[in-house]
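Structure record follows, encoded as structure tokens.
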Amino acid sequence: MATATAVAAQLPKDETLRCWERDQAQLKADVIEQDTEEWQSNPSFSGLERVGGVDLSYVKGEDTSACASLVVLSYPDLEVLYEDCRMVVVDAPYVAGFLAFREAPFLVEAVRRLEERQPGLRPQVLLADGNGILHHRGFGIACHLGVLTGLPCIGVAKNLLQVDGLANNELHKEQIQDLQAGGDTFPLLSISGRILGMALRSYTKSTKPVYISVGHKMSLQSAVRLVHSCCKYRVPEPIRQADIRSREYIRKHAEGTSAALSRPVRMSEDADSEQ
DNA sequence: GCGACAG
DNA sequence: ATCTTGTCGC
């Protein structure tokens with residue numbers, strides 16, 4: 001089993017990237033792109049009871065202050081069973097193709113915390129913001145999270161990562177226009193003809209698709225069906241809830257911070273003058 | 001110079 | 001990711 005050792009924020013940039021590439025290559029050896037759980041093989045996913053979603057939201061001005069969130073929803077009802085939001089200090093920079101080295105450590109930690117506190121609520125599959133094997137080196141954040149947590153994982157990207165011949169060109173736009181109803185899809189093919197992922201019209205009222213790719217321990221067919229079955233709106237509910245709750249947490253955290261800043265100033269003279 | 005750039 | 005309110009339309 002490979003280990004993610006690159007904490008290389010202090011090293012020179014190309015040194016850091018080489019380090020990250022090496023870690024991606026090592027972890028990639030452990031990716032499984034086939035269904036590995038019983039529930040994945042039946043049409044209604046019977047046996048599937050918990051779906052997880054993770055996300056990071058950033059504090060508006062800052063580049064290092066963020067809220068990492070993990071939610072677990074019931075399936076198929078999509079009710080929130082578990083929520084974990086926590087402020088974190090993000091040290092690694094965002095570099096396209098290396099998103100996982102910036103965000104995954106906090107998300108993996110959140111999964112570990114859940115396993116310790118509420119092992120019975122461990123999700124059976126995890127949805128991640130971003131891509132799986134649809135990636136420059138075939139190892140996006142959904143693969144990264146899957147390997148490090150051991151969970152089946154699906155990548156759901158809101159924008160197309162243009163790699164391996166994939167492009168947001170006229171052909172692509174035509175293919176999008178051909179998606180008529182919710183549930184319609186078209187494959188995302190690499191230059192060599194391999195299927196890297198699927199564009200899915202996840203919500204009838206939204207023209208813009210989401211881009212689904214395999215993360216870990218799951219086939220693309222299962223991934224697409226599962227994501228679609230988790231959609232009340234364009235973004236699948238587990239990720240949407242993680243997103244909503246991490247933003248809300250930041251909003252409240254900001255109030256608490258400003259209150260804490262103004263309070264000590266008053267305290268010295270407020271003790272007797274307050275009603 | 002121009003386009004790309006998951007989050 | 002974030003800057004950003006209301007608004008026009010199905």
Side-chain angles (χ1 to χ4, degrees), chain A residues 9 13 17 20-21 24 27-28 31 53-70 85 87-108 110 126-146 153-170 172-173 180-182 188 190 196-216 223 227 233-236 238-251 253-254:
Chain A
K13 184 164 181 180
L17 296 189
W20 285 353
E21 276 185 7
Q24 277 183 337
L27 291 169
K28 183 179 175 182
V31 173
V54 288
D55 189 42
L56 246 74
S57 293
Y58 294 83
V59 176
K60 53 180 178 182
E62 267 53 67
D63 197 43
T64 61
S65 182
C67 174
S69 67
L70 162 65
C85 290
M87 294 305 298
V88 297
V89 176
V90 182
D91 47 3
Y94 171 67
V95 182
F98 298 95
L99 173 64
F101 292 93
R102 178 168 164 83
E103 299 195 342
F106 308 105
L107 305 176
V108 171
L126 195 59
L127 305 195
D129 243 321
N131 297 292
I133 65 169
L134 170 37
H135 179 267
H136 303 76
R137 289 163 298 281
F139 196 78
I141 189 170
C143 301
H144 201 115
L145 287 174
C153 200
I154 302 171
V156 183
K158 294 183 282 295
N159 293 98
L160 178 65
L161 181 59
Q162 314 199 116
V163 64
D164 238 327
L166 295 176
N168 188 15
N169 52 25
E170 288 312 311
H172 186 73
K173 287 169 182 162
Q180 293 302 315
L188 303 165
S190 71
L196 300 181
M198 284 282 211
L200 165 72
R201 180 160 180 167
S202 52
Y203 182 48
T204 308
K205 293 179 184 170
S206 179
T207 282
K208 188 172 181 176
V210 293
Y211 300 98
I212 299 172
S213 56
V214 167
H216 191 46
V227 168
Y233 305 100
R234 183 171 87 104
V235 175
I239 290 178
R240 187 170 161 269
Q241 287 301 325
D243 182 68
I244 290 173
R245 284 155 199 261
S246 56
R247 294 169 114 129
E248 182 69 4
Y249 190 87
I250 285 178
R251 203 179 60 75
H253 188 268

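To find a chain, count down the sequence lines: A is the first, B the second, and so on, and within it residues start at 1. Since this is a predicted model, take the numbers as computed values, not measurements.
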May I ask you to evaluate whether A:Lys60 reaches the phosphate of C:dT4, defined as a side-chain N or O under 4.0 Å from OP1 or OP2?
no
Tightest non-hydrogen contact, residues A:Trp20 and A:Val95, listed as CZ3-CG2, 4.2 Å
Say you pick atom C1' in B:dC2 and the same atom in C:dT5; how far apart are they, in whole Å?
33 Å
Just so I know, are the side chains of A:Phe98 and A:Leu17 near enough to count as touching, which here means a heavy-atom distance under 4.5 Å?
yes
How is A:Gly155 classified with respect to the nucleic acid when contacts are heavy atoms under 4.0 Å: base, sugar-phosphate, or nothing?
nothing
In whole Å, what is the span from the OH atom of A:Tyr58 to the P atom of C:dC3?
14 Å
Between the side chains of A:Asp129 and A:Lys158, is the shortest nitrogen-to-carboxylate-oxygen separation below 4.0 Å, so that they form an ion pair?
yes
Can you give me the first and the last nucleotide of DNA chain B (5' to 3') that has an atom within less than 4.0 angstrom of a non-hydrogen atom in chain A?
B:dA4 to B:dG7
Check the distance between C:dT2's P and A:Tyr94's OH and give it to me in whole angstrom.
13 Å
For A:Ile141, report the nucleic acid contact type (base, sugar-phosphate, nothing); a contact means any heavy atom under 4.0 Å.
base
Which heavy atom of A:Leu145 sits nearest a heavy atom of A:Cys153, and at what distance?
CB-SG, 4.1 Å
How far does the P atom of C:dC3 sit from the matching atom of B:dA4, given to the nearest Å?
25 Å
For A:Gly97 against A:Arg137, the heavy-atom pair lying closest together:
O-NH2, 3.0 Å
Can you check the distance between B:dC5 and C:dT2, where both ends of the measurement are the C1' atom (answer in whole Å)?
15 Å
When every non-hydrogen atom of A:Phe139 is compared with those of A:His135, the smallest separation belongs to N-ND1, 3.2 Å
In whole angstrom, give the distance that lies between atom OH of A:Tyr233 and atom C1' of C:dC10.
16 Å
Rounded to the Å, how far apart are A:Asp63 CG and C:dT2 P?
12 Å
Nearest heavy-atom approach of A:Ser69 to A:Ser246 is OG-CB, 3.6 Å
Dot-bracket encoding of pairs in DNA chain C, which uses [ ] for pseudoknotted crossings and | for another strand, Watson-Crick or G-U under 3.5 angstrom:
..........
Integer-rounded Å distance: C:dA1 C1' and A:Phe98 CZ:
19 Å
With a 4.0 Å cut-off, would you call A:Glu248 and A:Arg251 a salt bridge?
yes
Regarding A:Asp129, tell me which of base, sugar-phosphate or nothing describes its non-hydrogen contacts under 4.0 Å with the strands shown.
sugar-phosphate
Which whole-number value in Å describes the distance from A:Lys205 NZ to C:dG9 P?
17 Å
Residue pair A:Asn169 / A:His172: nearest heavy atoms and the distance that separates them:
OD1-N, 2.9 Å
